[in-house]
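A short worksheet on the structure shown next.
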Amino acid sequence: ITSSPPHISFRKKSSCTLLLMFLVARWAGRQTSGDSPPAIFNLDTCRLSSTQCSTLSSLHLRGHLSFHNTTEAARDWGRIKRLAPAGVLYPESVDDIVSLVRTAGLSRNLTVAAKGRGHSINGQAQALDGIVIEMSTLGGIKVMPQGDADCPVPYVDAAGGELWIDVLKATLKEGLAPRSWTDYLYLSVGGTLSNAGISGQTFRYGPEISNVLQLEVVTGKGELVICSPSKQPELFFAVLGGLGQFGIIITARIILERAPQQVRWIRAIYTDFQSFRRDQEMLISQTDMTKVFDYVEGFVIINSDNPYNGWKSVPFSPEHINNSMIPKDAGSVMYYIELMKGFDFINIHVTEQKVEKMLAPLNYIRSLRFTTDVSYFQFLNRIHDVELSLSSQGLWDVPHPWLNLFIPRSSISVFDSQVFKQLISRDFSGPILIYPINQDKWDKHASAVIPEERVFYLVALLRNALPSSGPGLKSQMDDNSKILRICHDLNCKQYFPTYNTPKQWEQHFGSRWQNFIRLKKMFDPRAILSPGQNIFCRNQILATSR
Ligand code: FAD
């Protein structure tokens, strides 16, 4: 062998590798899927190496793997990045996922990205020349209203590819619902749990990742593991907020509570940032549970009649607002607090009185308060109406250069004066969210990165690059860079972080970086999973660590 010319030894090596991969793939397929026939479509369009194509084509799957028409898997909500995968797996069993991950582990460079709804901004669920797993084909929602012997509290087991809207519909049938949400519910369970999942309930119950009892995960080694805070806790906490780096969430067990029938929904406008900020912080620090709202968010609005982010966007139909109602001293931007209190029809009068008492100490402009009652379902699904309206005008499927930030409380006033008051102009196209969150509701063991302050703010600048008006995508992304430069000195953290170099990731994770790498080596040592996050390169984790 030593005397063989290099090309011969390479050929021998590659044919050995081919044989080995083929045998292991057969083994992986058999182990997991019995003797079902291979389900590969359009093998002729496979643009991977012939070794990889034949290895993948020998997998025995219940679902199918397609090499054709991967356009959808190369697209996301951001419409900024397009990383075309080589193929898309539509799994119909957990074993399909196990087989794929094991097979990818045997290759030199194949990566795998679980895709929930693809509502990321920067290609996080994409996999250039890898395989995207379309998680929606592996559904399942099981509601346990009384829990069971091991877990005697109400819970739901939801597949990672299920949408939160469907989890809500299923749990409401039992009069129950999860406690912590995102604003928009057409997002997958696995996708939001890989980040955090936050909304106006987070101050009270923590993010969605603080409301998970157990996970069923396929690690980057292709192992199917059930984990919880007491069973394999390192994997459990690594996966929660772990940006898809440690395992694919097959099922999540989520805590449920009794759902109210109705909600009182309130919006109250402020012109003064300090009053707005103080009131929000008072609302989330209330310790008397009978006086706590069930949801607290805030928004920055443009001092204009723009129906999407000006003062016209605040009243609930059929109420209206006009220029004469806006105080003369209002600046270029104003603010409003959004609140919700749930109740049952039988308690409506008591709730009315309670809510009035809770609102009394707030310093909003008295003539600019708006109130409505809707069902709990309508409230939680409120963004869907916006989606339908924007879709009908062709304004939903446009580029979204969104910027989401966690800003320490001590920096939020500077952020207001340097960003909201100076950089936000009338042609800003999209909503701006700003609300405080209690840090103690986040589990420190989970992977999500947040500022090191007792209270921090979510600021979400949710711009759309409209086809016919307003600043273009490039100019909006330049604005984001300016804001990120301001943030650098304010100790902000990006939510849905986007970075290009290991150095930037190290700065993002701070003192937690080495542990993140340690966990990666433990659960996905070949860096197969979620390459679109751009944190690790395939097979190069060691190079990243010191
Ligand atoms: P994808 O984009 O498909 O995936 C995101 C990441 O998770 C990728 O890295 C992917 O590989 C990984 N992943 C996906 N599924 C799994 C799985 N099963 N196991 C392991 N990894 C997986 N977020 C909030 O917190 N609060 C909000 O209020 C909120 N509102 C939003 C409103 C809109 C209109 C949109 C578009 C997004 C909003 N988001 C919000 C952001 C959203 O939570 C994230 O973009 C989330 O990642 C989207 O879920 P997805 O199912 O589309 O994930």
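Values below: every heavy atom of this structure, side chains too, minus hydrogens, waters and symmetry copies. One-based numbering, in listed order, for ligands and for the atoms of each.
Not a single heavy atom of Asp76 sits less than 4.0 Å from an atom of ligand 1. Not close to ligand 1: Tyr186, with no non-hydrogen atom less than 4.0 angstrom away.
In this comparison of Ala125, Ser120, Gly116, the heavy atom closest to atom 5 (C) of ligand 1 sits on Ser120. Atom 11 (O) of ligand 1 has its nearest heavy-atom neighbour, among Ala113, Gly247, Ala114, in Ala114. Taking only non-hydrogen atoms, the option from Leu187, Leu462, Val386, Thr251 nearest to atom 42 (C) of ligand 1 is Leu187.
Shown in contact with Gly244 at under 4.0 Å from a heavy atom are these atoms of ligand 1, numbered in order with element: 21 (N). Heavy-atom contacts of Asn195 reach the following atoms of ligand 1: 46 (C), 47 (O) (cutoff under 4.0 Å). Atoms of ligand 1 found under 4.0 Å from any heavy atom of Asp183, numbered from 1 in the order shown, are 27 (C), 28 (O). The distance from ligand 1 to the heavy atoms of Arg117 drops below 4.0 Å at these ligand atoms: 3 (O), 50 (P), 51 (O), 52 (O). Counting atoms of ligand 1 from 1 in the listed order, those under 4.0 Å from a heavy atom of Ser194 are 7 (O), 12 (C), 13 (N), 20 (C), 21 (N), 22 (C). Taking every non-hydrogen atom of Trp77 and a distance limit under 4.0 Å, the qualifying atoms of ligand 1 come out as 36 (C). Within ligand 1, the atoms closer than 4.0 Å to a non-hydrogen atom of Lys115 are 3 (O), numbered from 1 in the order shown. For ligand 1, the atoms lying closer than 4.0 Å to a non-hydrogen atom of Gly197 are 25 (O).
Salt-bridge formation is detected for the pair Arg79/Asp397: a Lys NZ or Arg NE/NH1/NH2 atom is positioned less than 4.0 Å from an Asp or Glu carboxylate oxygen. Ion pair Glu134/Lys115 flagged as a salt bridge, since at least one NZ, NE, NH1 or NH2 atom sits closer than 4.0 Å to an Asp/Glu carboxylate oxygen. Using a cut-off of 4.0 Å between Lys/Arg side-chain N and Asp/Glu carboxylate O, Asp76 and Arg82 are scored as not salt-bridged. We find that Arg463 and Asp479 are joined by a salt bridge, their nearest charged nitrogen and carboxylate oxygen being less than 4.0 Å apart.
Looking only at atom types and distance, the side chain of Asn515 has no donor-acceptor partner in the side chain of Arg512 under 3.5 Å away. Between the side chains of Thr71 and Asn69, at least one donor N or O sits under 3.5 Å from an acceptor N or O. Inspection of the Thr192 and Trp164 side chains reveals an N or O donor paired with an N or O acceptor under 3.5 Å. One side chain, Asp183 or Ser199, offers a donor N or O that lies under 3.5 Å from an acceptor on the other. Side-chain N/O atoms of Tyr457 and Glu281 include a donor and acceptor closer than 3.5 Å. Glu338 and Tyr295 are linked by a side-chain donor-acceptor pair at a separation below 3.5 angstrom, with hydrogens and angles left out of the test. Side-chain N/O atoms of Thr251 and Glu216 include a donor and acceptor closer than 3.5 Å. Looking only at atom types and distance, the side chain of Asn109 has no donor-acceptor partner in the side chain of Arg538 under 3.5 Å away.
By the 3.5 Å distance cut-off applied to N or O atoms, Ser188 is counted among the residues near ligand 1. Considering backbone and side-chain atoms together, Gly118 places an N or O closer than 3.5 Å to an N or O of ligand 1. Considering backbone and side-chain N/O atoms, Met135 never comes within less than 3.5 Å of an N/O atom of ligand 1.
Counting protein heavy atoms only, atom 23 (N) of ligand 1 is closest to Phe496 CZ, 3.4 Å. The nearest heavy-atom contact from the protein to atom 45 (O) of ligand 1 is His119 O, 3.0 Å. The protein atom (non-hydrogen) at minimum distance from atom 29 (C) of ligand 1 is Thr182 CB, 4.0 Å. Tyr184 CD2, 3.5 Å is the protein heavy atom nearest to atom 34 (C) of ligand 1. Protein heavy atom closest to atom 25 (O) of ligand 1, with residue, atom name and distance, is Tyr495 OH, 2.6 Å. Here the protein heavy atom with the shortest distance to atom 53 (O) of ligand 1 is Gly191 CA, 3.5 Å. Residue, atom and distance of the protein heavy atom nearest to atom 43 (O) of ligand 1 are Thr192 CG2, 3.5 Å. Closest to atom 26 (N) of ligand 1 among all protein heavy atoms lies Ile198 O, 2.7 Å.
Of the possible polar contacts, one joining the Arg102 side chain to the Gly222 backbone as a donor-acceptor pair under 3.5 Å is found.
At a heavy-atom distance under 4.0 Å, only side-chain atoms of Trp402, from C-beta outward, approach ligand 1. Under 4.0 Å from ligand 1, not a single heavy atom of His400 appears.
Within the 4.5 Å cutoff, no side-chain heavy atoms of Ile165 are placed close to those of His384.
The side-chain tip of Arg253 points at the ring of Tyr155 from less than 6.0 angstrom away and within 45° of straight on.
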